[in-house]
Amino acid sequence: DEICCDFAKLLSDFMLSKNPTLIESLNFLKKKIDNIYELNPSKQILFTKNIIHIQFLLFCDEHPEEDIAVLLASCETILNENNNEPQKNSWRTFVDFLHFEYYLSTKKIKQAELYYNKLIPSFQALMLHNYMGCVNSFFESAFYFCRANNFSDKLQIDVSAVLLDQADINSAINYNYYTALIAFHAGDTKKGRTILLKTVNDYSMVNFLRAEIEIKLTLCYFLLLEKEFDMADDYLRKIIRKVKSLPSNQFSHIEYIGKFFDLSINKEPNTKTDLKKKEMFTLFMASNNGHKQVLRPLIPILIEKHGLA
């Protein structure tokens with residue numbers, strides 16, 4: 001249980017930062033649970049081992065060699081043999097979450113929809129499973145899944161009902177980003193930008209670079225829609241300067257989407273500008289994958305509103 005909790009927290013940190021140095025620590029914990037299972041091959045330890053491996057493969061390994069489907073099937077077998085009802089229910093919800101993330105990552109939309117529908121009744125308490133893994137990624141995945149596949153009617157609009165571990169800052173940041181997106185989806189862009197501004201002011205993201213990029217660029221886009229061009233330009237320039245100052249080129253493709261937004265700020269709409277924006281968006285999308293991926297929930301919105309398909 002201790003290894004599982006440590007892995008969950010570290011994975012959540014990785015998801016918000018995409019700091020590659022954290023992968024080594026996650027891999028160490030993965031090997032540690034493997035060694036414990038070798039010494040004590042119980043079903044409960046096997047279940048923990050499976051969910052750690054699945055999450056590592058889904059969120060950290062860009063070229064997975066293990067078969068996630070096989071690991072998920074093993075989890076299902078253990079669940080079916082478990083007679084501890086409270087524990088079984090908790091495990092079931094988390095395994096459904098892993099199924100959803102797996103099918104979404106493999107673009108098997110019908111299967112992903114099946115598990116998304118299973119998770120909706122548990123949506124209110126879903127984030128309380130953060131001790132088992134990076135369940136707060138469900139916020140972003142759910143919004144992307146619904147907007148990208150025309151399932152907007154399936155979005156969980158009553159965000160106020162969601163229960164959070166108030167001590168978990170990572171979950172709070174993910175939750176705020178989701179509520180801002182839901183506000184935008186409901187037509188209240190001003191409320192969305194207010195939530196993002198408060199998030200930027202309330203939480204230090206010095207160790208969460210991906211989250212900072214994602215939130216500030218989304219905020220920039222909302223400000224653009226509200227015609228607050230000076231504020232949008234200020235946030236855009238600050239985040240681009242930060243990206244350019246990084247020692248690695250992990251987020252260098254952000255400059256393309258930055259140029260896309262910049263054209264929206266400084267140029268009158270015309271055919272030449274639209275073509276340039278489409279070019280910048282195409283270049284951004286070509287590199288926006290793996291550990292470099294940012295703005296996933298915003299992408300279907302940009303494609304829809306700017307005719308970028």
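All residue numbers refer to positions in the sequence shown, counting from 1.
Note that OG of S245 is 11.0 Å distant from CD1 of I240, once rounded to the nearest 0.5 Å. Note that the NZ atom of K49 and the OG atom of S42 stand 12.0 Å from one another [nearest 0.5 Å]. Of the inter-residue distances, the one linking L104 atom CG with N149 atom CG reads 7.5 Å to the nearest 0.5 angstrom. Separating the CD1 atom in I120 from the CG atom in L155 is a distance of 8.5 Å, to the nearest 0.5 Å. Rounding to the nearest 0.5 Å gives a distance of 11.5 Å between CD of E38 and CD1 of I36.
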Worked check of salt bridge (charged side-chain N to carboxylate O under 4.0 Å, His left out) between R237 and D233:
CA-CA 6 Å; R237 292 186 185 282; D233 186 61; 2.8 Å; yes
Worked verdict on F56 versus L26 for side-chain contact (heavy atoms from CB on, under 4.5 Å):
CA-CA 8 Å; F56 189 88; L26 288 162; 4.0 Å; yes
Evaluate side-chain contact (heavy atoms from CB on, under 4.5 Å) for Y221 paired with T189, printing each intermediate quantity in order.
CA-CA 10 Å; Y221 182 64; T189 306; over 6 Å; no
Could you walk me through whether K9 and D13 satisfy the salt bridge (charged side-chain N to carboxylate O under 4.0 Å, His left out) test, starting with their C-alpha distance in whole Å, then the side-chain angles of each, then the deciding distance to 0.1 Å, before giving a yes or no?
CA-CA 6 Å; K9 177 61 171 70; D13 288 347; 2.8 Å; yes
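By the 6.0 Å contact criterion, CG on N201 is enclosed, its count of non-hydrogen atoms from other residues, nucleotides or ligands being greater than 12. The number of heavy-atom neighbours closer than 6.0 Å to CZ of F59, taken from other residues, nucleotides and ligands shown, is above 12. Heavy atoms from other residues, nucleotides or ligands lying under 6.0 Å from CD of E81 number more than 12. Counted within 6.0 Å of CZ on F28, heavy atoms from surrounding residues, nucleotides or ligands total 12 or fewer; the atom is thus considered open. More than 12 heavy atoms of other residues, nucleotides or ligands shown are found within 6.0 angstrom of OH on Y115. Atom CG of N35 sits in a crowded spot, with more than 12 heavy atoms from other residues, nucleotides or ligands closer than 6.0 Å.
Taking the six-membered ring for Trp and thresholds of 30 and 60 degrees, F284 and F281 have ring planes inclined between 30 and 60 degrees apart.
Between the side chains of S171 and D168, at least one donor N or O sits under 3.5 Å from an acceptor N or O. For the residue pair S287 / K292, no side-chain donor-acceptor distance below 3.5 Å is found, with atom types taken as modelled.
Considering F261, Y177, Y235, F184 in turn, F184 is the only one that fulfils the ring pair (Phe, Tyr, Trp, His ring centres under 6.0 Å) rule with F222.
No donor-acceptor pair closer than 3.5 Å links the side chain of R210 to the backbone N or O of V294. Not one N or O on the side chain of S12 forms a donor-acceptor pair closer than 3.5 Å with the backbone of A8. A donor-acceptor pair under 3.5 Å is absent between the side-chain atoms of D234 and the main chain of D230, judged by distance alone. Using a distance-only test at 3.5 Å, with no hydrogens or angles considered, a donor-acceptor pair links the side chain of E214 to the main chain of L295. Remark: side-chain polar atoms of T93 are paired, donor with acceptor, to backbone N or O of N89 under 3.5 angstrom.
Remark: aromatic rings of F208 and Y203 are distant, center separation not under 6.0 Å. Less than 6.0 angstrom separates the ring centroid of Y116 from the ring centroid of F145. In this structure, F14 has its ring center under 6.0 Å from that of H291. A centroid separation of less than 6.0 Å is found between the aromatic rings of F94 and F97.
Pairs passing the salt bridge (charged side-chain N to carboxylate O under 4.0 Å, His left out) check and including a residue from residues 99-114, sequence neighbours excluded, read E113-K154. Sorted by first then second residue, the salt bridge (charged side-chain N to carboxylate O under 4.0 Å, His left out) pairs that include residues 173-194, not counting sequence neighbours, are R193-E228.
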